[in-house]
Asker: 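Submitted below is the structure of interest, expressed as structure tokens.
Bear in mind that the values here come from a model prediction, so they are computed numbers and not experimental data.
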Amino acid sequence: MTDKPEYILAAVAWPYSSSEIHVGNITGSYLPADIFTRYHRLKGNHVLMVSGSDAHGTPITVKSDAEGIPPVDVYKRYHAGFLELFQKLGLSYDLFTSTHTENHTKVAQTIFLALKENGYLYTETQSQWFSETEGRFLPDRYVEGTCYICGYEDARGDQCDNCGSLLDANELLNPRSKTDGSTPTLKETEHFFLDLGKLEPHVVEFLEEREDYIRSNVLRQSLGQIKANPLHGRPITRDLDWGIPVPVEGWEDKCLYVWFEAVIGYLSASIEWSALSGDKDAWHNWWYNPDARGYYFIGKDNIPFHAVMWPAELYGVGEWFGKLYDNTEGKKLTLPYDVPANEFMNMQDQKLSGSRGWAVWGLDFLTRYQPDALRFYLTINMPETKDSNWDWDEFVTRNNTQLVGTWGNLANRVLSFAHKHWEGHIPTPGELTAEDKAILKTVEEGFEGVGDLLETVRLRAALLAALELASEVNKYLDEMAPWSAVKVDKERAGTIVFTALQCIDYLKVIFAPFVPHSCEQLHTYFGYDTPLFGNQYTQPVSDAQGEHIALRYQPEETGGKWVPQRLEAGKAFQKPSPLYEKLDPKVAEEERARLG
RNA sequence: GGCGAGGUAGCUCAAUCGGCAGAGCAACGGACUCAUAAGCCGUGGGUUGAGGGUUCAAGUCCCUCCCUCGCCA
């Protein structure tokens with residue numbers, strides 16, 4: 001670790017704006033990104049956390065067709081819900097935008113053109129189902145028919161629900177359009193392909209350079225896959241009218257394929273953030289800077305797109321993006337540094353499923369519980385190395401024993417005791433004993449210990465380490481028993497209480513990336529004027545494509561620092577209230593009844 | 001079918017290069033009273049999915065099989 005601030009990009013998965021966000025989505029990518037980002041803000045690094053709603057793609061058009069409303073309305077409805085959830089949960093994006101913006105359109109089209117100039121695109125003709133009645137090509141999931149493997153009559157275009165086989169839509173027997181039941185015909189259509197075969201050596205090099213620290217699940221899913229099955233060209237355009245138009249004459253009625261286009265959002269959102277922040281070239285610090293580190297927080301289903309496709313796109317544009325976009329010569333876009341993908345979270349021992357209602361929804365959860373309770377449970381149970389399981393009994397138990405009991409109660413018991421016996425002022429310590437010095441040292445070293453774990457994105461272990469520190473302070477208190485000392489030697493009791501308060505003031509910072517709302521509250525109890533973190537707010541942004549609401553973060557005037565800061569003796573502080581709510585075990589049963 | 005991840009105490013998970021299988025929760029016992037009946041001390045709890053192999057030594061390495069999950073075809 002150096003003293004010089006580093007440039008860190010926290011690139012967070014883009015939710016499809018066609019369904020609500022559940023706890024699996026949150027623990028998979030959004031929450032780990034926020035914890036990581038908050039840590040780096042406290043460290044004083046230049047961290048940029050960006051994402052947005054994926055407004056294009058078939059999930060949105062399917063919903064749009066089903067409800068008979070325009071795709072843009074579908075996107076806007078869910079996007080609004082995302083913004084509300086992220087603010088309530090404290091997911092502090094520097095910018096959460098959308099792919100349906102003029103800026104993103106321009107950036108995505110430029111990436112396309114840069115790849116084309118650099119010789120990594122080619123065209124090929126393929127056949128696809130075409131609906132004469134609707135006058136359009138049908139995406140795979142718009143076609144149903146008879147499975148050519150098992151004979152099941154209601155097979156979907158891409159998969160048979162009866163025999164489980166993934167299907168080649170063009171081979172379906174008795175095909176019919178899902179929208180009007182008419183019989184489609186196969187028609188030839190030309191598409192652009194990304195030449196992944198030609199890019200493969202560079203992708204392999206990219207992965208091998210990072211072999212030492214990229215999680216093994218990510219590495220094997222990408223590098224292992226490539227070594228077994230070499231990469232081949234993949235179409236990046238589609239016959240759709242909802243999306244980013246292909247920027248080539250004669251191709252205006254086709255769109256960029258969403259797998260190709262959505263990942264470009266990390267770059268376009270950084271550019272939009274720069275424009276909104278008043279320094280339109282600020283994004284160069286992260287994207288034209290080989291020392292900047294980009295961390296891509298995603299779920300395991302997205303690994304190939306972030307560890308293979310996106311690096312391939314970035315490598316493939318070479319210096320052409322800068323040339324075409326802002327007349328920059330000799331600059332290459334920075335490749336990802338790490339892809340800390342999480343596995344999945346199950347729900348009460350079953351696969352979590354949004355469409356079946358077998359899920360806990362973020363906004364619904366927050367109507368009954370505190371945001372930090374959710375952040376805590378999702379972090380302590382985060383699926384970092386393997387699938388984890390949401391269990392309501394466990395949620396209540398962990399909340400009550402670890403969050404409330406070990407940490408919340410520690411803060412409450414010491415502040416209450418101190419407030420009662422020293423009239424609302426931090427006691428002035430006498431000479432420190434060996435025990436006092438030892439506990440201070442233990443907690444001070446936590447900044448480095450917990451920090452190292454956060455640095456390497458082992459968030460679950462980091463939170464456990466923080467809890468262990470709180471437990472150490474509880475032990476110290478029990479051994480020192482200031483409630484006995486105060487009756488015979490108030491100066492000694494004051495020294496003990498000062499030491500404990502100092503530890504809690506440290507721990508407030510160490511816990512802050514995980515449970516920021518309560519730590520901010522504790523920070524005010526201690527009587528500080530400037531908050532630990534900045535504010536989140538929304539802002540309407542207008543452009544040629546209409547208006548979108550952006551979620552932003554205002555970082556100015558914050559007092560949080562990831563270093564031990566000396567507590568001022570004699571300073572006034574507030575009488576505390578409990579930081580966390582203890583839960584009645586019977587809520588677990590009520591919550592289970594809500595599922596499904 | 002190809003690639004991959006996982007299977008460890010009742011539950012949730014650790015275990016660096018192969019070196020006496022550990023935590024938290026739950027259970028049980030104890031002392032304490034500042035605190036949200038929280039916290040602290042102590043006890044019990046294991047055929048590491050199954051079988052085989054390598055080794056002085058295997059949760060870890062090799063082979064076969066079983067189960068769960070993901071991506072791809």
Asker: Hey, mind stepping through A:E589 and A:R592 against salt bridge (charged side-chain N to carboxylate O under 4.0 Å, His left out) and telling me if it holds?
Answerer: CA-CA 5 Å; A:E589 205 175 320; A:R592 277 195 299 269; 5.0 Å; no
Asker: Under 4.0 angstrom, heavy atoms only, what part of the nucleic acid is A:E479 near: base, sugar-phosphate, or nothing?
Answerer: nothing
Asker: A:F344 has a side chain; which of B:G70, B:C13, B:C40 sits nearest to it?
Answerer: B:G70
Asker: Hey, is B:C17 sitting syn or anti, using the within-90° cutoff around 0?
Answerer: syn
Asker: Reading RNA chain B from 5' onward, which residue's closest nucleotide shows up sooner: A:R413 or A:K300?
Answerer: A:R413
Asker: Does B:C40 pair with anything, Watson-Crick or G-U wobble, both distances under 3.5 Å, and if so, with which nucleotide?
Answerer: B:G30
Asker: Expressed as a whole number of angstroms, how long is the span from A:N400:CG to B:A35:C1'?
Answerer: 15 Å
Asker: May I ask you to decide if A:F192's main-chain N or O and A:T237's side chain share a donor-acceptor pair within less than 3.5 Å?
Answerer: yes
Asker: Less than 3.5 Å between a donor and an acceptor, one on the side chain of A:D301 and one on the base of B:G70, is that the case here?
Answerer: no
Asker: Closer than 3.5 angstrom, by distance alone: can the side chain of A:T456 be matched with the main-chain N or O of A:L453 as a donor-acceptor pair?
Answerer: yes
Asker: What's the closest nucleotide to the side chain of A:T401 if the choices are B:U12, B:U36, B:A26?
Answerer: B:A26
Asker: Please give the distance between the C1' atoms of B:U33 and B:G39 as a whole number of Å.
Answerer: 10 Å
Asker: Between B:C13, B:G70, B:A38, spot the one nearest the side chain of A:K582, thanks.
Answerer: B:A38
Asker: If you measure from the P atom in B:G59 to the same atom in B:U8, how many Å do you get, rounded?
Answerer: 15 Å
Asker: Of the nucleotides B:A26, B:C13, B:U36, which one has an atom closest to the side chain of A:S388?
Answerer: B:C13
Asker: I need the CZ-P distance between A:R458 and B:C13, as an integer number of Å.
Answerer: 17 Å
Asker: Please measure how far the P atom in B:G44 lies from the corresponding atom in B:G22, and state the result in whole Å.
Answerer: 13 Å
Asker: Below the 4.0 Å mark, does B:U36 have OP1 or OP2 next to a side-chain nitrogen or oxygen of A:N412?
Answerer: yes
Asker: Taking the side chain of A:K420 as its heavy atoms from C-beta onward, which of B:A35, B:C13, B:C32 lies nearest to it?
Answerer: B:A35
Asker: Answer yes or no: does atom CZ of A:R458 have more than 12 heavy-atom neighbours from other residues, nucleotides or ligands under 6.0 Å?
Answerer: no
Asker: Please determine, for B:U55, whether a Watson-Crick or G-U wobble partner exists with both distances under 3.5 Å, and give it or none.
Answerer: none
Asker: What integer distance in Å separates A:I226:CD1 from B:C3:C1'?
Answerer: 11 Å
Asker: Please give, in whole Å, the distance from B:G39 P to A:I504 CD1?
Answerer: 15 Å
Asker: Name the nucleic acid region contacted by A:P482, choosing base, sugar-phosphate or nothing; use a 4.0 angstrom heavy-atom cut-off, strictly under.
Answerer: nothing
Asker: Test your reading of the model: is there a side-chain donor-acceptor pair from A:R375 to the backbone of A:L31, 3.5 Å cut-off?
Answerer: no
Asker: Under 3.5 Å for both donor-acceptor distances, Watson-Crick or wobble: does B:A14 have a partner, and if so which one?
Answerer: none
Asker: Considering every strand shown, what is the Watson-Crick or G-U wobble mate of B:A5 when both distances are under 3.5 Å?
Answerer: B:U68
Asker: Which nucleotide sits closest to the side chain of A:W483: B:C34, B:C69, B:G39?
Answerer: B:C34
Asker: Looking at CD of A:E491 and CZ of A:F498, how far apart are the two atoms once the value is rounded to the nearest 0.5 Å?
Answerer: 13.0 Å
Asker: What's the gap between B:G18 and B:C62 when it is taken at their P atoms, as a whole Å value?
Answerer: 10 Å
Asker: Can you check whether A:S471 has a side-chain N or O nearer than 4.0 Å to OP1 or OP2 of B:C40?
Answerer: yes
Asker: Could you tell me how far B:G53 sits from B:A15 if I compare only their P atoms? Round to whole Å.
Answerer: 29 Å
Asker: Could you check, using the six-membered ring where one of them is a Trp, whether A:Y120 and A:H202 have ring centers closer than 6.0 angstrom?
Answerer: no
Asker: Nearest of B:U36, B:C13, B:C41 to any side-chain atom of A:K475?
Answerer: B:C41
Asker: Using the P atoms only, state how far B:G49 lies from B:C11, rounded to an integer number of Å.
Answerer: 13 Å
Asker: Taking the C1' atom in each of B:A31 and B:U43, what is the distance between them to the nearest angstrom?
Answerer: 15 Å
Asker: Could you check which nucleotide pairs with B:U47 in any of the strands shown, counting Watson-Crick or G-U wobble with both distances under 3.5 Å?
Answerer: none
Asker: On RNA chain B, check which nucleotide each of A:N346 and A:L579 is closest to and give me the residue with the more 5' one.
Answerer: A:L579
Asker: Which whole number of Å gives the distance between the C1' atom of B:A57 and that of B:A23?
Answerer: 25 Å
